[in-house]
Engineer: 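Dumping the structure here so I can ask a few things about it.
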Amino acid sequence: MGSTCVVGLQWGDEAKGKIVDLLCDDHDVVVRYQGGANAGHTVVHEGTTYKLSLVPTGILRPRVRAVIANGVVIHPPALLKEIATLESQGVDFKGRLLIGDRAHVILPHHLAEERLTEESASTADHLGTTRRGIGPCYRDKVGRVHGVRVADLYHPARFRERLKRIVDFKNRLLAAMLPDFEPFDDVAVAEEYLEYAERFRPFVGDATEALHDHLNAGRRLMFEGAQGSLLDVDHGSYPYVTSSNSSAVGAAPGSGVPARYIDRWIGVVKAYTTRVGGGPFPTEQDNEVGERIRRVGREYGTVTGRPRRCGWFDAVATGYSARVSGSTEIAVMLLDVLSGLDELQVAVAYERNGRTVATLPASLADLEECRPVYETLPGWSEDVTAARSWDELPEAARRYVEFLGRKVGVAASIVSVGPDRDQTIRVPRAR
Ligand code: GDP
Ligand code: IMO
Ligand code: MG
C-alpha cells in the first residue's frame with residue numbers, strides 16, 4: 001500500500017506534471033502506464049523548465065526511479081530525443097529508467113496511417129490528434145496481427161521476417177489510399193529499429209516484475225496518467241478521445257499492478273477548462289473570456305503548439321470523470337489565471353431539449369445538444385501567485401475552490417497558484 005495514482009479529470013494538460021513532481025518526495029518509483037509522445041508534462045523548478053513526454057516525470061528527482069510500463073506506446077526516435085534533451089539539462093538516466101519490454105512500438109507506417117484520416121478530404125473525420133502515431137499503434141496492438149512490442153526487437157531474425165510481412169501489408173494499404181505514397185523499405189526500417197534496440201538495451205526489462213519487486217520491498221509507486229479522463233477511449237467524449245484508458249482505470253492494465261495496491265487517487269483539474277483538438281466542449285468560451293484565459297494561462301499545446309480552446313469549469317463532466325477515476329481528492333491548478341475576473345461561472349448541470357442532464361451523456365449527438373447551466377460566483381482581483389497558505393488566498397478564491405470540490409463531489413487537497421514547485425498550497429483538512 002501507499003501507492004498513488006495521479007490523473008487529469010478534464011481533457012488533458014491539467015498540470016499533472018507539476019503534481020507528480022511535487023509528490024515525488026513521498027514516492028520511490030514513477031510509472032507511466034498509457035499514452036506516448038502525445039503527452040507533454042511540464043515541470044518548472046528554480047527557473048528551469050523541463051518538458052516530459054514519454055519519460056516519467058520522476059526522472060527529474062535523483063532518488064526516484066522511472067518506469068515506462070506495458071500500456072505505453074513508444075516511438076523510439078522520440079524517446080531518444082527526449083532523453084538527449086533531458087541529459088543536456090543535467091538529468092542522469094543511468095540505472096534509473098526502465099523501459100518495459102511489453103510496451104508497443106510506434107513504426108513509421110503508423111505515422112503515415114494517421115495522416116490518412118487526419119488529412120483526409122472529409123474534415124468530419126479529423127479528430128485533431130497530435131499526429132504521433134498513437135491511434136494506429138494501439139489499433140495494431142488490439143488487432144494483434146501487426147503489433148510489435150519492445151521485446152520483439154531483441155530477436156532480430158524473427159523481427160526482420162515479421163516486419164517484412166507487416167510492411168508489405170501496410171505498403172499495399174497505404175498505396176491504395178495515398179496517391180503520392182512512397183513505399184516503406186522493410187529492410188531499412190528493420191535496421192533502424194534494431195539500432196534503436198541496441199541503444200535502449202541497458203534500459204529494457206520486465207517492468208511488471210520490477211514493479212512487483214518494488215512493492216515487495218516496501219517502495220511507494222506513483223502512477224502518472226497522461227491525457228485526461230475525458231479523453232479515455234472507453235469513458236471519454238468518444239470518438240474525440242485518445243486510444244488508451246487515460247482515466248485512472250488504465251493504471252492496472254497498463255502496468256500489471258492491481259488497483260488494490262493504490263490507495264491515493266488524485267484527480268488533477270484546472271480551475272477552468274481547456275481542450276486541444278476537436279470534440280464537444282459545452283463550457284467553451286469562444287470570446288473575450290476564453291481569449292483572456294488563453295493569454296494569462298499561456299494555453300498553447302506543449303506538444304504541438306496549437307492554441308488550446310478555453311472555457312469555464314465544467315462540474316458535470318469533471319464530476320463524472322472523478323467518479324470514473326475514483327478520485328479521493330482533487331488538486332485545483334492554475335487558480336492564479338482567474339484573478340481579475342469579476343465573476344466566475346461554473347457549469348453545475350446541462351440542459352438538453354428543456355430537460356436537465358446531470359451527467360455526461362454517452363452519445364456525441366446528445367452531448368453536442370447539451371447547454372451548460374451555470375452558477376455564478378464572485379471573482380477576486382488580487383494577484384494570488386505569492387500566496388503559500390490557504391489563509392493567504394482571498395476569501396472569494398477559497399469559496400471558489402470549495403465550491404468546485406462540492407460540485408465535483410471530492411474536496412480539494414492542493415491548490416496551485418503558479419507553475420513553480422513552490423507555488424503550491426496544501427488545503428487544510430477540516431474547514
Ligand atoms: P500536463 O500535461 O497535465 O502535465 O500539463 P501541461 O504541462 O501540458 O500544462 C500545464 C501548464 O501550466 C504548464 O505550462 C505548467 O508549467 C503550467 N502550470 C502548472 N501549474 C500552474 C499554475 O498553478 N499556474 C500557472 N499559471 N501555470 C501553471
Ligand atoms: P497531456 O498528457 C491534451 C488530445 C489531442 C486530440 C486527442 C487525440 O499533456 O495532458 P492522440 O494524438 O492522442 O490520438 O490525439 O487527444 N491529446 C491531448 N490533449 N493533453 C494531452 O496530453 C493530450 N494527448 C492527446 O489533442 O484531441
Ligand atoms: Mg500536457
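Counting convention: from 1, in listed order, for ligands and their atoms alike. A quick note: this is a predicted structure, and the numbers were derived from the prediction, not measured.
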Engineer: Note the single closest protein heavy atom to atom 20 (N) of ligand 2, along with its residue, its atom name and the distance in Å.
Structural biologist: D13 OD1, 3.1 Å
Engineer: What part of Y240, side chain, backbone, both or neither, has a heavy atom within less than 4.0 angstrom of ligand 2?
Structural biologist: neither
Engineer: What are the atoms of ligand 2, with element, lying closer than 4.0 Å to any heavy atom of A226?
Structural biologist: 2 (O)
Engineer: With a cutoff of 4.0 Å, is V241 in contact with ligand 2, counting heavy atoms of the residue only?
Structural biologist: yes
Engineer: So, E299 and K270, do they make that salt bridge, N to O below 4.0 Å?
Structural biologist: yes
Engineer: Parallel, tilted or perpendicular, judged at 30° and 60°: which one describes the rings of H109 and F184?
Structural biologist: perpendicular
Engineer: Tell me whether H41 has any N or O atom under 3.5 angstrom from an N or O of ligand 2.
Structural biologist: yes
Engineer: Looking at residues at least two apart in the chain, or sitting in another chain, which of them share a side chain to side chain donor-acceptor pair (under 3.5 Å) with E395?
Structural biologist: R399
Engineer: Check each atom of ligand 2 against the heavy atoms of G277 and keep those under 4.0 Å away; list them by number with element.
Structural biologist: 27 (O)
Engineer: Please state whether R308 comes within less than 4.0 angstrom of ligand 2, counting heavy atoms only.
Structural biologist: no
Engineer: Can you confirm, on distance only, whether ligand 2 has an N/O atom lying under 3.5 Å from any N/O atom belonging to R306?
Structural biologist: yes
Engineer: Run the contact test for G128 against ligand 2 with a 4.0 Å cut-off on heavy atoms, strictly below, and give the result.
Structural biologist: yes
Engineer: If you measure from the Lys or Arg side-chain nitrogens to the Asp or Glu carboxylate oxygens, is any gap between R131 and E114 under 4.0 Å?
Structural biologist: no
Engineer: For the Mg ion (ligand 3), how many protein N, O or S atoms lie at less than 2.8 Å?
Structural biologist: 2
Engineer: Between K170 and D140, is there a side-chain N and carboxylate O pair less than 4.0 Å apart?
Structural biologist: yes
Engineer: Salt bridge (charged side-chain N to carboxylate O under 4.0 Å, His left out) with R306: which residues, sequence neighbours excluded?
Structural biologist: none
Engineer: How far is atom 19 (N) of ligand 2 from its nearest protein heavy atom, and which residue and atom is that?
Structural biologist: W11 O, 3.6 Å
Engineer: Atom 27 (O) of ligand 2: which protein heavy atom is closest, and how many Å away?
Structural biologist: V276 O, 3.0 Å
Engineer: What protein heavy atom sits nearest atom 12 (O) of ligand 2, and how far away is it?
Structural biologist: T130 OG1, 2.5 Å
Engineer: State, to 0.1 Å, how close G254 and A69 come at their nearest heavy-atom pair, and which atoms those are.
Structural biologist: O-CB, 3.2 Å
Engineer: What's the shortest heavy-atom distance between D28 and R63, and which atoms?
Structural biologist: OD1-NH1, 3.0 Å
Engineer: I'd like to check which ligand 2 atoms, numbered from 1 as shown, lie under 4.0 Å from a non-hydrogen atom of K16.
Structural biologist: 1 (P), 2 (O), 10 (O)
Engineer: Using a 6.0 Å cut-off, check whether atom CG of D234 has over 12 heavy atoms from anything other than its own residue.
Structural biologist: yes
Engineer: Looking at R309 and E284, does any basic side-chain N land under 4.0 Å from a carboxylate oxygen?
Structural biologist: yes
Engineer: Does CZ in F181 sit with more than 12 non-hydrogen atoms of other residues, nucleotides or ligands closer than 6.0 Å?
Structural biologist: yes
Engineer: Between ligand 2 and E14, is the shortest N or O to N or O distance under 3.5 Å?
Structural biologist: no
Engineer: Salt bridge check: are D21 and R421 linked by an N-O gap of less than 4.0 Å?
Structural biologist: yes
Engineer: Looking only at protein heavy atoms, which one is nearest to atom 23 (C) of ligand 2, and what is the separation?
Structural biologist: Q227 CG, 3.6 Å
Engineer: Pick, from L231, I134, T242, the option with the minimum heavy-atom distance to atom 17 (N) of ligand 2.
Structural biologist: L231
Engineer: Aromatic ring centroids of H45 and Y50 under 6.0 Å?
Structural biologist: no
Engineer: Considering only heavy atoms of A39, which atoms of ligand 2 have at least one such atom less than 4.0 Å away?
Structural biologist: 1 (P), 2 (O), 9 (O), 22 (O)
Engineer: For the residue pair Y193 and Y196, categorise the inter-ring angle as parallel (less than 30°), tilted (30 to 60°) or perpendicular (more than 60°).
Structural biologist: perpendicular
Engineer: Report all protein residues having a heavy-atom distance below 4.0 Å to some atom of ligand 1; order the list by chain, then number.
Structural biologist: D13, E14, A15, K16, G17, K18, G40, H41, T42, V44, T302, R308, L334, D336, V337, S416, V417, G418, P419
Engineer: Could R264 and E329 be called an ion pair, given the rule that one side-chain N must be under 4.0 Å from one carboxylate O?
Structural biologist: yes
Engineer: Assess whether a salt bridge exists between K18 and D420, defined as any Lys/Arg side-chain N lying under 4.0 Å from an Asp/Glu carboxylate O.
Structural biologist: no
Engineer: Identify, by atom number and element, the atoms of ligand 2 in contact range of G40, meaning under 4.0 Å from any of its heavy atoms.
Structural biologist: 1 (P), 9 (O)
Engineer: Once the angle between the rings of W11 and F281 is folded into 0 to 90°, is it parallel (under 30°), tilted (30 to 60°) or perpendicular (over 60°)?
Structural biologist: tilted
Engineer: Can a salt bridge be assigned to the pair D101 and R149 using a cut-off of 4.0 Å between side-chain N and carboxylate O?
Structural biologist: no
